[in-house]
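Down below is the structure, laid out as structure tokens.
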Amino acid sequence: MATTLPRNGELADQLDLLADLMELEGSDYFRVSAYRRAATRIRETAGPVARLAVEGRATELPGIGKTIEEKIVQVVEDGEIHALTKRKQAVPEELVLFMRLPGLGPKTVQRIWQELGITTVDGLREAAEAGRLRTLQGMGAKSEEKILEALRAEPEPAGPRRTPLGAALPALEAAVAELQEHPAADKVSIAGSARRMRETVRDLDVIATATDPAALLDHFTTLEWVAEVAARGGTKATVVAHDGLRFDLRVVPPECFGNLLQHFTGSKQHNVALREDAVRRGLSVSEYGVTEVETGVVHAFATEEELYAFLGYAYIPPELREAAGELEAARRGELPELVETAQLRGDLHTHTTWSADGKSTLAEMVAAAESRGYAYYAVTDHSHYLREGRLEAQWEEIDRLQEQVGIRILKGVEVNIRADGTLDLPDEVLAQLDWVVASVHAVRERRTTERVLAALDNPHVDCIGHLTGRKLGLRGPAEVDFGEIVVRALETGAFLEINAQPNRLDLSDVHARAAREAGLKVVVSTDAHEVASLGFARFGIGVARRAWCTPEDVLNTRPWEQIVELRQSR
DNA sequence: GCCGTTTTCGGCCCGACTGTTTTCAGTCG
């Protein structure tokens, strides 16, 4: 048996690839989607699924049965799912890339392969240039041109690009505001994965009701920032902005706004599960209404609240709609009361110009924090810049400022966890601070788990900052034994941070949920280096909500005195 | 391949849009 267990991402990738190859072979659709569903489930599980499979417990995860558990064990023992090894002999692997091109699905790719004998991206490009693709039934010059265009833009199709929520959400809110101004617009709302606060989004979804749908769609497709109209129908249009962001607008009658908002908010898996559940009770759910199959009576709802109530669920907040147990909990009336941004009483990880990369002064940051209504505010500049008396100098500035403001300023630091797990400030200094965040910065150096465990063992450490060091779109998370870190944090009474920087969001929603389920409180902090970044709190709260966190689960919804008490009891 | 307030067999969400057709399959979300 291999000494290290395959990561969840590796297992999921193999299952997805197996699904793709089988689909190209023309396998049964439901088998293929069972593999994909299992892959998604595995990706969204915090602990190592390979260990569960070895212990015979992977089948406890929904969507994973005996057969897929066996396949996971094959990866542990032999490195690859046996069926995958076999399919790779039969189906050229590069065909999978074809399916990432716009308009190319499994059926078409299968025919390109079998009828034209094309098996490589280069071969596909040559055939398209030579006009050979259009010889296929159902393929025309226009499809051929679309393929060539996509290949020119991206010679090796890499799949849909995802935009961090921090960039997408403001753009989406601006688009909603623009549409709202049009005289034909009635209700306009954000929908899709951005409404669910997913860390990255692909398409930006907007839905609306309108007195004149065609006029609103016209307005949408001719907005100043629109570079291309990708699709346009009577109720729906897709446009691409100059910066590459794709926006979908869908317009419906006001009486079914609730149905549409629910449908277009997704997730797809949530909707599928909701609809399957409805089918079992003789109901058919679509974006236009809920149809009683027997009688044909259609129930339309102006709000999501009414729709969920009709189907027998408590209202499910968008952040929970991931087919991760929320439907069952809503049926039983056991959904959590999710934490809200306004409930944060302070920020516990922030910087000032005392750090070289800080852009706003201490006074500016504190004033901004006070105007956000915070009761306390931890200044945690990098330890690296606070040597040789600078820390004491900063304390003097804090003491002077404290005289002038109502908000409680906490003396803190973000101390670096060195490669050997020691901290780069001595204990006697750390002991004098109100709040100590310890973070790994050189993530390329390995052993993140050991370094974090060592830091947790230091009694002065209050919180671990941005645990995995990931930067969305730039570098992946460090591999950590999250379960072990949570256990140690519970033992030492320290906390883990949800870093709200939109390119970090670290802990991820999956990790944050696992922490919550283990009974560990999380801290939502912005790591702001300038005044405007204090507003990132809403992205961190988005992660916490996706992790099912109530105000109880988020440490800094408490008054500072309570946090001090919690620490003393450790 | 998974799953079960009808079921251990026989189901498995639903509709819009595109490009190609001339009534529809495939793709997409």
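Keep in mind that what you see is a predicted model, and the values were worked out from it rather than measured.
- A/Leu274 comes within contact range of no nucleotide atom at all, as no heavy-atom separation falls under 4.0 Å.
- Of the candidate nucleotides B/dT27, B/dC2, B/dG15, B/dT27 has the atom nearest to the side chain of A/Thr108.
- B/dT20 and B/dT27 have their C1' atoms separated by 13 Å, with the value rounded to a whole Å.
- Only the C1' atoms considered, B/dG15 is 25 Å distant from B/dG10, to the nearest whole Å.
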N/O-N/O pairs, protein side and nucleotides 9-12 of chain B side, under 3.5 Å:
residue	atom	partner	partner atom	Å
B/dC12	O3'	A/Glu276	OE2	3.1

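- Which of B/dG19, B/dG29, B/dC2 sits closest to the side chain of A/Lys268 comes down to B/dG29.
- Remark: side-chain polar atoms of A/Asp243 are paired, donor with acceptor, to backbone N or O of A/Leu245 under 3.5 angstrom.
- Using a 4.0 Å heavy-atom distance criterion, A/Glu287 is classed as a sugar-phosphate-only contact.
- Distance from the side chain of A/Thr67 is smallest to B/dC2 among B/dC17, B/dC2, B/dG29.
- In terms of position on DNA chain B, the residue among A/Ala141 and A/Ala34 whose nearest nucleotide sits closer to the 5' end is A/Ala34.
- Ranked by how close their nearest DNA chain B nucleotide is to the 5' end, A/Asp248 and A/Lys142 are led by A/Lys142.
- Note on A/Arg232: only backbone sugar-phosphate atoms sit closer than 4.0 angstrom, heavy atoms only; bases stay farther off.
- Residue contacts for A/Ser284: at a heavy-atom cut-off of 4.0 Å it reaches the sugar-phosphate backbone alone, with no base atom in range.
- Separating the C1' atom of B/dC12 from that of B/dT7 is a span of 13 Å, rounded to the nearest Å.
- Comparing the P positions of B/dG26 and B/dT21 gives an interatomic distance of 14 Å, to the nearest angstrom.
- Between the P atoms of B/dC3 and B/dC13, the separation comes to 14 Å (whole Å).
- Comparing B/dC17, B/dC14, B/dT27 against the side chain of A/Ser286 picks out B/dC14 as the nearest.
- Between A/Glu144 and A/Arg132 there is no salt bridge, since no side-chain N of the basic residue sits under 4.0 Å from a carboxylate O of the acidic one.
- Across all strands shown, nothing is found opposite B/dT8 as a Watson-Crick or G-U wobble partner with both distances under 3.5 Å.
- Separation of the C1' atoms belonging to B/dC2 and B/dT8 is 12 Å when rounded to the nearest angstrom.
- Residue A/Val285 is classed as a sugar-phosphate contact, given heavy-atom separations below 4.0 Å to backbone atoms only.
- Taking atom C1' on both B/dG11 and B/dT6, the two are 12 Å apart, rounded to the nearest angstrom.
- Ion pairing between a basic and an acidic side chain is recognised when a charged N comes within 4.0 Å of a carboxylate O; A/Glu23 and A/Arg87 show no such pairing.
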